[in-house]
Amino acid sequence: MKQKSQTALGRRDVLRVFATGATAAAASATPLASAAVADSESNDEKRKPRYKESEHIKKFYRVNRYPG
């Protein structure tokens, strides 16, 4: 009977160690995140049209019966 209680206690200790290790890992990973960097596009580049209706896009619309 005494051996079962020691096994249960050992399991609890293992879970406690895992929980402590996970908390420490999460706390140490936070400072490693890099700062956000702004994009390098100018205002003119941001406003230029990006959608170009090429042949494969026209074919996609035609095959899928989109109006246009």
Side-chain angles (χ1 to χ4, degrees):
M1 190 62 105
K2 195 171 190 177
Q3 188 175 1
K4 281 188 174 183
S5 66
Q6 286 179 351
T7 305
L9 183 61
R11 289 180 191 163
R12 289 181 187 144
D13 288 338
V14 169
L15 291 174
R16 201 173 293 138
V17 168
F18 282 146
T20 305
T23 304
S28 67
T30 304
L32 298 176
S34 62
V37 179
D39 58 352
S40 61
E41 289 183 326
S42 67
N43 284 334
D44 291 335
E45 290 175 338
K46 289 179 185 178
R47 292 187 178 117
K48 71 180 179 182
R50 300 190 188 273
Y51 178 79
K52 295 178 181 155
E53 193 169 332
S54 61
E55 285 303 312
H56 73 281
I57 293 175
K58 290 177 186 177
K59 183 189 259 184
F60 176 81
Y61 287 150
R62 183 177 45 81
V63 168
N64 292 298
R65 297 188 180 131
Y66 288 105

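Residue indices begin at 1 and follow the sequence shown. Because the structure is a prediction, the values reported are computed rather than measured. When reading the values below, keep in mind they use all heavy atoms of this one structure, side chains included, and skip hydrogens, waters and symmetry mates.
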- side chain to side chain donor-acceptor pair (under 3.5 Å) involving Ser54 - partner list, sequence neighbours excluded: His56

- Could I get the full list of side chain to side chain donor-acceptor pair (under 3.5 Å) partners for Glu41, not counting sequence neighbours?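 With neighbours one apart ignored, the set is Arg50.
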
- Message: Tell me every residue that passes salt bridge (Lys or Arg N to Asp or Glu O under 4.0 Å) with Glu55, counting only those two or more places apart in sequence or in another chain.
- Response: Lys58

- Taking side chain to side chain contact (heavy atoms under 4.5 Å, CB included) as the test, write out the residues that go with Lys59, two or more places apart.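 Lys59 satisfies side chain to side chain contact (heavy atoms under 4.5 Å, CB included) with Arg62, Val63 once adjacent residues are dropped.
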
- Query: What pairs with Asn43 under side chain to side chain contact (heavy atoms under 4.5 Å, CB included), at least two apart in sequence or on another chain?
  - Reply: Lys46, Arg47

